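Please read the structure below before turning to the comments.
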Amino acid sequence: QVQLVESGGGLVQAGGSLRLSCAASGLTFNMYAMGWYRHAPGKEREFVAAIDWNGDSTNYADSVKGRFPISRDNNKNMVYLQMNSLRPEDTAVYYCAASTVWFGFANPDWGDYWGQGTQVTVSS
């Protein structure tokens, strides 16, 4: 069965960095666009970043543009989110998602498959 497993979350001070990883199994990875989403307490789940099947196209939420580059390694079935210049408002559970459809990634329900999430907490 398809599994997406996130790792790399934790507690970090404002201005610091974290690298999230998502390991995918049970699917033909290079046929799926991948995305990162986050869900903060009291808020709706929101789009963070997305990358197409071979990494040629990426897209970002305005709130993370220039700070959170997304990348993937199709040889390892991995997708990454490098989180730089972290802010307290970035605190959330971060999820990776996989979809066979590139368009519509801004929709928080975009993914065909979802991971279980990893907590990121940024202290001020």
Side-chain angles (χ1 to χ4, degrees):
Q1 84 257 27
V2 175
Q3 281 194 310
L4 302 177
V5 180
E6 301 95 336
S7 61
L11 173 64
V12 64
Q13 287 189 327
S17 297
L18 284 174
R19 188 195 195 203
L20 303 185
S21 299
C22 175
S25 60
L27 74 172
T28 305
F29 187 67
N30 61 8
M31 294 183 68
Y32 284 80
M34 299 298 294
W36 286 97
Y37 296 76
R38 65 187 182 187
H39 193 181
K43 296 185 178 181
E44 298 291 320
R45 184 167 63 191
E46 65 176 2
F47 165 73
V48 176
I51 188 166
D52 73 352
W53 303 270
N54 56 15
D56 285 348
S57 294
T58 57
N59 205 286
Y60 298 93
D62 288 343
S63 58
V64 306
K65 200 171 293 183
R67 297 190 298 129
F68 289 9
I70 187 173
S71 61
R72 67 188 293 162
D73 185 338
N74 285 352
N75 292 321
K76 296 181 179 179
N77 287 10
M78 297 288 294
V79 62
Y80 306 99
L81 188 71
Q82 178 65 44
M83 308 170 68
N84 301 318
S85 302
L86 282 159
R87 306 166 181 168
E89 55 264 39
D90 295 319
T91 294
V93 177
Y94 284 73
Y95 299 88
C96 73
S99 175
T100 56
V101 178
W102 171 238
F103 297 105
F105 46 73
N107 183 329
D109 295 323
W110 171 77
D112 298 324
Y113 302 102
W114 293 84
Q116 83 290 346
T118 186
Q119 176 71 47
V120 172
T121 303
V122 184
S123 63
S124 57

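Just so it is clear, the model here is predicted, and its values are computed rather than measured. Because only heavy atoms are used, hydrogens play no part in the values below, and waters and symmetry mates are left out as well, while side chains stay in.
Qualifying salt bridge (Lys or Arg N to Asp or Glu O under 4.0 Å) partners for K76, counting only residues two or more places apart in sequence or in other chains: none. Remark: F47 pairs with Y37, F105 by the ring-ring contact (aromatic ring centres under 6.0 Å, His included) rule, at least two apart or across chains. Residues meeting the salt bridge (Lys or Arg N to Asp or Glu O under 4.0 Å) test with D62, sequence neighbours left out: K65. Partners of A40 under the side-chain contact (heavy atoms from CB on, under 4.5 Å) rule, at least two apart in sequence or in another chain, are K43, A92. In terms of the side-chain contact (heavy atoms from CB on, under 4.5 Å) criterion, residue partners of V12 (sequence neighbours excluded) are, by chain and number, L18, L86, V122. Partners of E89 by salt bridge (Lys or Arg N to Asp or Glu O under 4.0 Å), not counting sequence neighbours: none found. A search for side-chain contact (heavy atoms from CB on, under 4.5 Å) contacts involving T58 returns I51, Y60, I70, not counting sequence neighbours.
Sorted by first then second residue, the disulfide bond (SG atoms under 2.5 Å apart) pairs that include residues 81-114, not counting sequence neighbours, are C22-C96. Residues in residues 28-59 take part in no disulfide bond (SG atoms under 2.5 Å apart) pair, two or more places apart or across chains. Within the structure, the disulfide bond (SG atoms under 2.5 Å apart) test picks out no pair touching residues 60-93 (sequence neighbours left out). Identified under the disulfide bond (SG atoms under 2.5 Å apart) test for residues 25-95, with sequence neighbours left out: none. Pairs of residues two or more places apart, or lying in two chains, that qualify as side-chain hydrogen bond (donor to acceptor under 3.5 Å, both in side chains) and include a residue from residues 10-30 are S17-N84.
The one candidate from H39, E6, R38 that meets the side-chain hydrogen bond (donor to acceptor under 3.5 Å, both in side chains) condition with Y94 is R38.
Residues Y32 and L27 are in side-chain contact: their nearest non-hydrogen atoms beyond the backbone lie under 4.5 Å apart. Counting only heavy atoms from C-beta outward, the side chains of W36 and F68 never approach each other to under 4.5 Å. Between L20 and M83 there is a side-chain heavy-atom pair separated by less than 4.5 Å. Inter-residue side-chain proximity for N59 and D52 is flagged as unmet; no heavy-atom pair is nearer than 4.5 Å.
Remark: Y80 OH to S71 OG distance equals 7.0 Å, nearest 0.5 Å. Between atom CD of residue E46 and atom OG of residue S63 there is a gap of 5.5 Å, rounded to the nearest 0.5 Å. Atom CZ of R67 sits about 10.0 Å away from atom CG of L81, to the nearest 0.5 Å. In this structure, OH on Y95 lies 13.0 Å from CG on L4, to the nearest 0.5 angstrom.
Side chain of T118 to backbone of G9: a donor-acceptor contact under 3.5 angstrom is found. Between the side chain of Q82 and the backbone N or O of P69, no donor-acceptor pair lies under 3.5 Å. Listed for the N107 side chain is no donor-acceptor partner under 3.5 Å among the backbone atoms of G104.
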Audit row: Q119, L11, side chain to side chain contact (heavy atoms under 4.5 Å, CB included) steps and yes/no: CA-CA 8 Å; Q119 176 71 47; L11 173 64; over 6 Å; no
Derivation and outcome, side chain to side chain contact (heavy atoms under 4.5 Å, CB included), residues F29 and M34: CA-CA 9 Å; F29 187 67; M34 299 298 294; 3.8 Å; yes
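Of all heavy-atom pairs spanning R72 and G55, the tightest one is CD-N, 4.0 Å. Residues S99 and G111 come closest through the heavy atom pair CB-CA, 4.3 Å. Heavy-atom minimum distance, W110 versus A33: CH2-O, 3.5 Å.
Within the cation-pi definition used here (under 6.0 Å to the ring centroid, within 45° of the axis), R45 qualifies as a partner of W114.
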